[in-house]
Amino acid sequence: MTRPDYAALSAAALEARGRAYAPYSHFHVGAAALTASGRIFLGGNIENAAYPMTVCAERVAIFSAYAAGEREIVALAVVTPTDEVASPCGACRQVIFELAAHCEVLLLNLAGAQRLVTPQDLLPHGFGARQLEESR
Ligand code: THU
């Protein structure tokens, strides 16, 4: 597998951020998921007046890829409007751990700072299908 085009993926995450629906927090996040087939799926965070219904940008992008039938995410870029690059929330870490298990995660801010991490960096000792299988 050739190295993902992180410049293109970062640009896609920025574009996705422009589609965020965040009228409550005003914290606009963008994510872009690159699949093994070379397609890029965008996600902005989508909030709701019933706050817990909110879905983060990462999950919108990953679920969009899965909804399109994709199963292998090779890279995920996430851009947040923070001084330092921000890490995904706990719920997204769990989703990344299972649905984008072998991807590289590029965390970015608007100033261009970036950090490349793995799902294992984000969620060491994560719970997954293996634990369910061990009980059978
Ligand atoms: N949010 C994301 O979309 N991704 C993150 O990594 C952190 C938080 C969203 C959820 C909510 O809409 C807003 O940012 C504030 O928490």
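Numbering of ligands and ligand atoms starts at 1, following listing order. No hydrogens, no waters, no symmetry mates; every other heavy atom, side chains included, goes into these values. All values derive from a computational prediction rather than experimental measurement.
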- Can you list every side-chain hydrogen bond (donor to acceptor under 3.5 Å, both in side chains) pair that touches residues 91-109, not counting sequence neighbours?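 Qualifying pairs, neighbours excluded: Y6-E104.
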- Query: Counting heavy atoms not belonging to Q120, are there more than 12 under 6.0 Å from its CD?
  - Reply: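 Yes, because the 6.0 Å sphere around CD of Q120 holds more than 12 heavy atoms from other groups.
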- Message: Give the residues near ligand 1 by chain and number, with the criterion being a heavy-atom distance under 4.0 Å.
- Response: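 The answer is S25, F27, V29, N45, E47, T54, C56, A57, E58, P88, C89, counting any residue whose heavy atom sits under 4.0 Å from ligand 1.
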- Results of side chain to side chain donor-acceptor pair (under 3.5 Å) for D5 - residues two or more places apart only: none
- Could you give the distance from CG (L76) to CG (L99), rounded to the nearest 0.5 Å? 11.0 Å
- Query: Partners of F63 by ring-ring contact (aromatic ring centres under 6.0 Å, His included), sequence neighbours excluded?
  - Reply: none
- Query: With the threshold set at 4.0 Å, does a side-chain nitrogen-carboxylate oxygen contact exist between E134 and R130?
  - Reply: no
